[in-house]
Amino acid sequence: MFNSQNSIAVCPHCLRKIKLKDLKFFCVPDEDNRHEVHLSFVDKIKNRLPVCRRKFCRNHGLTIREAFCKHCGEKLPPQILFHDKFLSFCAVGVSGAGKSSYMTTLLHELKYSGLPWVLQAMDVETTQRALINEQNVYEARHCLEGTQAGISPKPQLWTILDNSKKGEKIPTYALTIYDGAGEDCEHIDYTPLDSKISLYLSGARMLLIMFDPLLLSSVRSEIRFETLNASMATERQTSAPANMVNMVNSLSNYIRRNCNIPPGKKIDRRAAVVITKLDALTEMLNGFSSDAAILKESPHIKNQGFVEADSKMVDLEIRDWLTRQGETAFLGAIDANFKDVRVFGVSSFGRPPDIHKRLARVRPHRVLDPLMWMLAGEGIIPTIS
């Protein structure tokens, strides 16, 4: 049974709860004949989308496909209202942490991993963004450029159809993904996107806090320069510890401020700390042992559930590794601010790019683990002890 609190539609832009009456509908047979369509009495009673009733309109009798939120004026796909559950996560991290690459491979694996789900984009912008990124990574085999800073991030809107549930009507889940530029996330208190980013941070059901291990001096000293140079998306002169600790504290302050959470109380929000570019760390003598759980294939997909024992072992292995790298301040900031924290390790490509930043065959490693954790917490997949 679904949690009723999580099955209320939310505008992905202003994060207000919305119902049918909160949307403005338009029929657009062409740009010159665009016109508003009002809900009929029967539409309201049956909680259904309206149809065009204008005589001689070529869309006469067809269900409306364009809608806008009355609260914020942003365009919405009308079908967003009719999901069984609403999920969202916000990805934050320093510039060059690999968020865009991670999102691309996560969505690709979600489509083709063999899980009993069908992933569909809700709007044209989400479709185009995913298609371009997939073509660059999987076909052209190019590393993605970082998200442009200073531009309001547009949320990605997805529908997950759950084929594991048999019957005439299968459950559907709305998945909203917020992904801002690293530069904006690093200086949340000082950017013009202040209100927009803080809104996404406070409204997301889970935070993905992405940590680039190649920014650590202890890592740089142990791996080859060619690997380091090929795996870095941007040139960074500042030290990772200060950036990451400040970012965690900054976003925590924002969430507390927007949700009226007192300073001494931990934030009741799942925080998935994701160590990226795991493939580059295999060169480290002071890295992970060859039999470490984190280097093994993820068991969650095979079991179509979240394997708790494996996840706890990976969490323990990465915490131990971060402690050996001197990152106790970062771990302390995460644990002090968030009530529910889990650490993950991923490789978006499976191996580092070559010296020309070209990719070999893309074989993502454990990219679905954080999402599976969220789905288990929402009761969509089982937790396996």
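Taking a cutoff of 4.0 Å between a charged side-chain nitrogen and a carboxylate oxygen, D279 and R351 do not qualify as a salt bridge. With salt bridges taken as basic N to acidic carboxylate O contacts below 4.0 Å, none links D315 and K312. Residues D84 and K169 are paired through a salt bridge, judged by an N-O separation under 4.0 Å between the basic side chain and the carboxylate. Using a cut-off of 4.0 Å between Lys/Arg side-chain N and Asp/Glu carboxylate O, R363 and E109 are scored as not salt-bridged. For the pair E378 and R205, the salt-bridge criterion is met [side-chain N within less than 4.0 Å of a carboxylate O]. Classification of D179 and R129 as a salt-bridged pair holds, one side-chain N sitting under 4.0 Å from a carboxylate O. Salt bridge R54/E36: absent, no basic N to carboxylate O contact under 4.0 Å. Look at D340 and R270 and you find a salt bridge, because one of the NZ, NE, NH1 or NH2 atoms lies within 4.0 Å of a carboxylate O, short of that distance. Taking the charged nitrogens against the carboxylate oxygens, K75 and E66 do have a contact shorter than 4.0 Å, which makes a salt bridge.
With sequence neighbours excluded, no residue forms a side chain to side chain donor-acceptor pair (under 3.5 Å) with Q79. The salt bridge (Lys or Arg N to Asp or Glu O under 4.0 Å) test applied to D335 returns R319, not counting sequence neighbours.
Between the side chain of T126 and the backbone N or O of L157 there is at least one donor-acceptor pair closer than 3.5 Å.
L76 and L23 make their closest contact through CD1-CD2, 3.6 Å (heavy atoms, listed as atom of the first residue, atom of the second, distance). The minimum heavy-atom distance linking D212 with T276 is given by the pair CA-OG1, 3.7 Å.
No side-chain donor-acceptor contact under 3.5 Å links N33 and R58. In the model, R53 has no side-chain atom that pairs as donor or acceptor with a side-chain atom of H60 under 3.5 Å. A donor atom on one side chain and an acceptor atom on the other are found under 3.5 Å apart for Q325 and S218.
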